[in-house]
Every structure is written in C-alpha cells, then in structure tokens.
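Have a look at the structure below, then the notes.
Scope of the values below: all heavy atoms of this structure, side chains included, with no hydrogens, waters or symmetry mates.
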Amino acid sequence: MKRNFLTTMIAASAALMFFSCGGEKSQAAKTGEQTTETAVEQKATAKYRVAMVTDSGDITDQSFNQTTYEASKAYCSEAGLDFNYYKPSGDSTADRVASINAAIQDDYNVLVLPGFLFAEAIVETAEMNDDVYFVGLDVGEFDIMEAAKAKGKDWSKLPSNVFCAVYAEEIPGFMAGYAAVKEGFTHLGFLGGMAVPAVIRYGFGFVQGCNAAAVEMGIADKVAVEYVYGGQFYGDQQIKASMDVWYQKLGVEVVFACGGGIWTSAADAAKEVGGKVIGVDTDQTAQLNAYGEGMCVTSAMKGLGATVRAVLAAIQNDKWSDYSGKISSLGLVSATDIAANYVQLPTDTWTMKNFTVDNYKALVADLYNGNIKVSNATDKDPEVSVAFKKYPNIK
C-alpha cells in the first residue's frame, strides 16, 4: 500500500494524543464518529474487511446513507465479513478524506462511499492506496473529472481499484410518471433541484412516463405536467411559494420533487392542501408521510442495495475485474426479478390502488424487453402529447 509521509505523521500524532490526552477525544478528532459492527480487536483474518463512510448525513437519514449502510451491513453479516461505518466530523472533502484514511489505518480494504460528494475524496485517496477497493455510489464521470481537474490529475482512465456507479434515472422517473397517471392523477408537476444531467434525466423520464400512460388510456388531452428547476438542492420559502401556486391555484395534484432537500418545499406546500408528492433516489415514504398521512404516492429509486450486494459479491468472489476502473450506468437487469434491478419503485410502501404490483411487473418487463423505450437525452425537451409547460428556473 502506498502511504505518504503526511498520512504517517498524522497517524503518529493521533497516537501521541491518545496517550497524552485520552483515547476517546483523540479518536473523535481524527475520524469523526465511528461505530464498529464487529469487534475492532479482531483484526482481519478474512481477506476483505468492509467499511462505509457517510457523506453529509447519518445512517438514520432514510436516504442514501441509511440504504447503503443497511445493505452493506446485511451483506457482510451474511458473508461473514467484518463491517464498520465511519461518520466524518464535518461536511467537507477534508473530513471525508480523514474518515477514509482512518478506515484504511484500521485495516479496512473495501470502502463503500455513497453520493457524489465523495468524488474529490476518491481522487485524493485512491491512487495512494492501490490495494484498497473504492466503491463510489452515484458518483458520475462529470463529478470525477471535475475533481481530478481541480487536483491537477488526469483521470481519463480510472485507477484499477476504483469503481463508480451512476444510474439510468430516466427509467425510474418514467416508472413514477407512468404509475401516477395510471393511478388517476391528471395534473402533475416536476420540481427539480439544479439542472444537472441526473436531475434532467429524472424529469424528462417522468414527463415521458406521464405521456405514455395518458396515451395508452386515451386521455392525453386531459393530462398536464408543470415543470421547473429550483436552481438549488435545498428547500426554502421561495421554492415553497412556487409550489403553493401549483397546488393551490393551478390545481396540481402531485409533484415529483427531485434534487437533494428541495423536496421539503413541495411537502410543506402539499400538506396545506392535502396534496401528494413522489419521492426520489430512495424510498421516501416515511419522510413524506411525516408531513401528512398518505402524502407519498411512490418513490423513483436508485437500487443502492442491489449495487452494494453485486459489487461486494464480485470482490469476495475475485471478480473485481468486472468493475475495475469503470464508471457504469446501471438500470434494468431483469424482466422478472424486480428486486435485482438497479432502478425501481418500492412495492411494499406505495399508496397506489389502481396501479397494482402486477401492473408494475408488467411495466418492468416491457421496459426491459424494449417494448417501451425511454430516451435519456438531456439536450432537448421530450416530445409529448400531454400539455407540458416548462417554467424558467425559480432561482
């Protein structure tokens, strides 16, 4: 393993602080919160030891971190692998790098890193730790290349110990729009965060799904989709005011809110009128229903759990070459095993009655077999038969 002098000195300083100032404080300063799932004292007798590092959230965030944590822990428990998670002490690349280095110093050699915020940390640490596997979830080529450029590195080819997964967001976006119209909603909205490729794919997929269902049902002239980007990845009063107009004046029934925490503004507006919201990335049922019972219609999800299981199994079975040095766009891999797919709707929690699980399975099969095609283009608006109004960015 390549270790630089600075990392060695940091570790030595931390050890000195441990003996002079007390173990708990120095460990917290070095790594942030750390919880060991199997005894740290039992150093690796197994070939692989798995650690997850959280991004800006926690393992109870009901989103990326929690889903990744639960999937990693479950796989390691079943496979008999040591597992640990690390929570950085702050929300910065330096904090994430410190937790990555702490995991490596603790002899964890498989790192699962959820979210695009890890791009810079991966670029900063992967090359000097070439015997450690770095698994970046939802870390795209744009994220990696921008991070490498900022560090003055050429990462046109990823190091062999790095794998990054992105997702075909247009497919779960399509599924959510299709299901919502089949359920009976005729006035829908899409609230995106910033107009980055992933958000655009979600949104344009959603519009295509609404249109496909409406055309099938012969009600394209009765279905309308409002569409806007907030210009940020968090909610606030200005975003909420726009959603108030949609729900209260335009009569929008359900909004697909996509882009970080911007969904909070849609939920705040929806709860005042009994409106509905569609979640994104993970199953947001619990989060949205906390604003109002039954608020969440469904969620357009990325299959983080399926990704974790597949990649960890490949590592454990010496098939890392299937992932080594790649950035892969993950989508549907099965027409019949819906849980194996990397993009999904959550069948256990949705509130839909007219659109059934059997309907969903049929939709997945049609998408997988190519009977229904979804464009992933982000450079032009989808051509649809339903009324489609795209607004200027709110900010």
Side-chain angles (χ1 to χ4, degrees), residues 1-4 7-8 10-11 14-15 27 30-55 59 65 67-88 96-115 118 121-139 157-165 303-328 330 333 340 342:
M1 181 183 299
K2 299 174 184 177
R3 300 285 173 83
N4 62 21
T7 302
T8 304
I10 290 172
Q27 183 72 355
K30 176 182 149 192
T31 67
E33 180 182 327
Q34 175 184 348
T35 299
T36 306
E37 300 301 335
T38 57
V40 171
E41 296 81 10
Q42 298 174 355
K43 291 297 182 182
T45 56
K47 187 175 180 180
Y48 302 111
R49 303 179 78 221
V50 181
M52 172 208 163
V53 181
T54 62
D55 63 358
I59 60 168
N65 289 299
T67 301
T68 304
Y69 166 79
E70 290 175 351
S72 300
K73 181 180 178 181
Y75 180 89
C76 291
S77 177
E78 293 168 4
L81 299 180
D82 190 15
F83 173 67
N84 186 7
Y85 86 90
Y86 292 73
K87 179 182 177 181
R96 285 181 275 276
V97 167
S99 285
I100 288 171
N101 285 334
I104 294 170
Q105 290 293 331
D106 290 339
D107 293 324
Y108 289 91
N109 60 354
V110 180
L111 303 182
V112 183
L113 312 170
F118 277 102
I122 291 171
V123 169
E124 191 168 328
T125 57
E127 289 175 312
M128 68 179 68
N129 298 288
D130 57 4
D131 60 347
V132 175
Y133 300 92
F134 287 76
V135 181
L137 303 179
D138 211 33
V139 181
K157 180 175 174 56
L158 267 62
S160 61
N161 61 324
V162 175
F163 168 70
C164 292
L304 300 175
T307 311
V308 167
R309 290 189 294 273
V311 178
L312 292 184
I315 293 172
Q316 192 175 22
N317 295 319
D318 295 324
K319 294 183 178 180
W320 173 249
S321 59
D322 293 345
Y323 298 92
S324 173
K326 297 178 181 178
I327 300 176
S328 297
L330 305 178
V333 295
Y342 296 111

Could you grab the distance from atom [atom1] of [X] to atom [atom2] of [Y], nearest 0.5 Å is fine?
X	Y	atom1	atom2	value
Ile122	Phe163	CD1	CZ	11.0 Å
Asp138	Phe118	CG	CZ	12.0 Å
Asp107	Asn84	CG	CG	11.5 Å
Cys164	Ile327	SG	CD1	5.0 Å
Lys87	Met52	NZ	CE	11.0 Å

Find out whether [X] and [Y] are in side-chain contact, i.e. whether some heavy atom of one side chain is under 4.5 Å from a heavy atom of the other.
X	Y	result
Ile59	Lys73	no
Phe83	Ser77	no
Tyr133	Tyr48	yes
Val112	Leu137	yes
Leu330	Thr307	yes
Ile100	Leu113	yes

Spell out, as yes or no, whether a donor-acceptor pair under 3.5 Å connects the side chain of [X] to the backbone of [Y].
X	Y	result
Ser324	Ser160	yes
Arg49	Asp106	yes
Asn161	Asn129	yes

Heavy-atom closest contact ([X] atom, [Y] atom, distance):
X	Y	answer
Tyr75	Gln316	OH-OE1, 2.6 Å
Phe134	Ile104	CZ-CD1, 4.3 Å
Leu304	Thr67	CB-CG2, 3.9 Å
Tyr86	Ala51	CE1-CB, 3.9 Å
Pro114	Val53	CD-O, 3.1 Å
Val311	Val135	CG1-CG2, 3.8 Å

Return yes if a side-chain donor-acceptor contact under 3.5 Å exists between Asp55 and Asn65, otherwise no.
yes
Kindly indicate, with the supporting measurements, whether the criterion side-chain contact (heavy atoms from CB on, under 4.5 Å) is fulfilled by Asp131 and Asn109.
CA-CA 7 Å; Asp131 60 347; Asn109 60 354; over 6 Å; no
Mutual orientation of the aromatic rings belonging to Tyr69 and Tyr85 [parallel < 30°, tilted 30-60°, perpendicular > 60°]
perpendicular
